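Below is one structure, written out as structure tokens; the observations come after it.
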Amino acid sequence: MQATAVAQPNIALIKYWGKRDLPRNLPAVGSISITLSDLYTEVAVDLMPELPADTLLVNGTEAPSMLARISACLDRVLGAQRPRAAVSSTSNFPIAAGLASSASAFAATTVAAAAAAKLPLTTAELSRLAGAASGSAARSLFGGFAELSNAGDTIEVRPLRDIESWPLEVVVAITETGSKSTSSTKAMEISRLTSPFYDSWLQQQEHDLDIARAAIEQCDFAGLANIAEHNCLKMHSVMWASRPPMVYWNTTTMRCLQTVRRLQGEGCNVFFTIDAGPQVKAVCLPGEVERVRRALADTAGVQAIMTSSLGQAARVVARRDD
Ligand code: 2P0
């Protein structure tokens with residue numbers, strides 16, 4: 001039995017950084033994200049009882065270092081007595097580089113595994129299973145704007161707004177394609193244990209979520225821009241003040257921020273956000289994409305540009321019974 005699923009990465013506008021329950025992967029703060037349409041991960045899960053062990057191909061190459069996390073994800077979806085699986089994952093963007101590849105990879109793996117085994121799971125159940133593998137993956141089970149809650153004993157995501165009713169665009173400036181040195185899971189724990197700003201980060205998050213939710217409801221671009229940039233810089237301040245410090249930015253990251261500031265000064269409706277990596281995501285209104293794309297492409301050190309509209313929820317694209 002085999003199934004293939006596609007999921008898109010999502011970009012947090014109000015960030016998830018910190019866990020309140022490590023074994024269950026429950027987030028310490030709520031977060032709000034947008035799912036992207038033009039970046040994707042496609043995962044095929046082939047359940048093969050005759051296989052002695054799971055196998056994993058990432059972009060056509062064996063990836064033993066990522067296998068344990070994928071196997072644990074399959075165990076959660078299918079149970080520990082499941083057949084072994086051949087898993088193959090393909091992404092059209094750099095992985096493990098701060099572009100939310102774990103979100104799209106674990107969302108697609110969860111959906112493909114459930115479909116291969118014909119499990120009739122709801123979106124909420126699939127989202128919980130994906131979120132247990134990687135917190136941000138829970139949000140990729142939804143299209144458009146989604147909020148991951150930090151309340152309750154389970155991982156809960158709810159859609160806030162669909163993609164047609166406020167069609168924002170995202171321009172991604174890739175400043176470095178190598179993998180990051182510290183995984184998000186580890187980095188979040190370092191922040192929790194050592195950052196002097198961690199407690200105030202937790203305390204202020206509800207306020208930031210309230211403002212962002214209201215801005216999204218009212219299609220208030222300036223309001224969303226203001227709180228999203230503030231929340232992003234606050235998360236990076238938590239990281240920078242951790243011990244050891246975690247500075248994911250490079251010189252080009254900073255130059256891209258200056259480009260966005262210049263565009264804003266010229267009246268362009270754009271704002272930046274940066275995740276656990278050096279890439280800069282510029283969120284803008286549809287009419288501004290070409291201007292933002294050109295300005296970031298002309299910024300010294302930018303290696304590549306990707307543009308994207310808001311995307312759909314993770315979904316099954318093929319199924320086969322052997
Ligand atoms: C986010 N990030 O909200 C934040 C912003 C990175 C910075 O979620 O440990 O890979 O697997 O639950 O989801 C990246 O963390 O972490 C992340 P785990 P995940 O998008």
Side-chain angles (χ1 to χ4, degrees), residues 7-36 39 41 66 68-70 72-73 76 91 94-110 127-142 145-150 154-157 160 170 172 179-192 195 198 201-202 205 208-209 212 227-240 242 246-249 253 272-281 283 314:
Q8 269 99 27
N10 65 77
I11 305 291
L13 304 181
I14 302 297
K15 309 291 189 187
Y16 152 46
W17 195 253
K19 298 174 195 284
R20 82 192 134 95
D21 183 326
L22 190 56
R24 289 191 293 170
N25 208 30
L26 298 179
V29 288
S31 55
I32 292 177
S33 66
I34 45 178
T35 298
L36 306 183
L39 282 65
T41 301
M66 299 181 201
R69 236 176 131 187
I70 290 287
C73 177
R76 264 184 230 105
S91 296
I95 60 170
L99 282 171
S101 56
S102 69
S104 51
F106 287 107
T109 302
T110 301
S127 172
R128 266 177 226 131
L129 289 162
S134 185
S136 54
R139 300 186 307 232
S140 280
L141 264 294
F142 295 84
F145 297 82
E147 178 168 0
L148 169 59
S149 162
N150 71 328
T154 53
I155 294 166
E156 295 294 335
V157 178
L160 290 181
V170 182
V172 182
S179 296
K180 58 191 170 197
S181 51
T182 312
S183 75
S184 292
T185 307
K186 194 171 164 204
M188 284 185 204
E189 279 304 283
I190 294 173
S191 290
R192 182 178 71 81
S195 179
Y198 187 75
W201 162 252
L202 299 189
Q205 190 79 342
D208 291 7
L209 287 164
I227 197 66
E229 288 188 352
H230 172 67
N231 188 265
C232 164
L233 293 175
K234 214 159 44 178
M235 177 187 76
H236 284 278
S237 304
V238 171
M239 296 171 174
W240 284 30
S242 297
M246 288 165 298
V247 180
Y248 288 104
W249 302 10
T253 311
F272 64 77
T273 190
I274 306 164
D275 292 296
Q279 329 303 355
V280 175
K281 293 103 182 190
V283 182

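Whatever order the structure lists them in is the order used to number ligands and atoms, beginning at 1. Hydrogens, waters and symmetry mates are skipped; everything else that's a heavy atom, side chains included, is used. All of these numbers come straight from a predicted model, not from anything done at the bench.
You'll find the side chain of Leu39 stays beyond 4.5 Å of the side chain of Gln8, heavy atoms only.
Using a 4.0 Å cut-off between heavy atoms, Arg69 contacts ligand 1 through its side chain alone, with no backbone atom that close. Counting heavy atoms under 4.0 Å from ligand 1, residue Glu189 does not touch it at all. When non-hydrogen atoms are compared, ligand 1 lies under 4.0 Å from the side chain of Asn25 (C-beta onward) but not from its backbone. Proximity of Ser102 to ligand 1, defined as any heavy-atom pair under 4.0 Å, is confined to the side chain (atoms from C-beta onward).
Between the side chain of Arg192 and the backbone N or O of Tyr198, no donor-acceptor pair lies under 3.5 Å. Side chain of Lys186 to backbone of Ser183: no donor-acceptor contact under 3.5 angstrom is found. The closest donor-acceptor contact from the side chain of Thr253 to the backbone of Pro278 lies under 3.5 Å.
At a 3.5 angstrom cut-off on N or O pairs, Lys15 does not count as close to ligand 1. Polar contact with ligand 1: absent for Ala137 (N/O pair, distance under 3.5 Å). In terms of N/O distances under 3.5 Å, ligand 1 is not approached by Ser31.
Taking Lys19 as the reference, nothing meets the salt bridge (Lys or Arg N to Asp or Glu O under 4.0 Å) condition, with sequence neighbours excluded. Annotation: salt bridge (Lys or Arg N to Asp or Glu O under 4.0 Å) contacts of Arg24 (sequence neighbours excluded): Asp21, Asp153.
When all heavy atoms of Thr35 and Arg139 are compared, the closest pair comes out as OG1-O, 3.9 Å. For the pair Ala137 and Ser102, the tightest heavy-atom approach, listed with the atom from each and the gap, is CB-O, 4.1 Å.
Comparing Lys19, Met188, Met235 by heavy-atom distance to atom 18 (P) of ligand 1, the nearest is Lys19. The heavy atom nearest to atom 6 (C) of ligand 1, considering only Ala105, Gly135, Gly18, Ala276, is found in Ala276.
Those atoms of ligand 1 that come under 4.0 Å of a heavy atom in Ala12, given as number and element, are 1 (C), 3 (O), 20 (O). Near Arg139, the atoms of ligand 1 lying under 4.0 angstrom from a non-hydrogen atom of the residue are 1 (C), 3 (O), 20 (O). Residue Ser184 approaches ligand 1 through these ligand atoms, each under 4.0 Å from one of its heavy atoms: 14 (C), 15 (O), 16 (O). Less than 4.0 angstrom separates some heavy atom of Thr185 from each of these atoms of ligand 1: 9 (O), 11 (O), 18 (P).
A salt bridge links Asp275 to Lys281: at least one charged side-chain nitrogen sits closer than 4.0 Å to a carboxylate oxygen.
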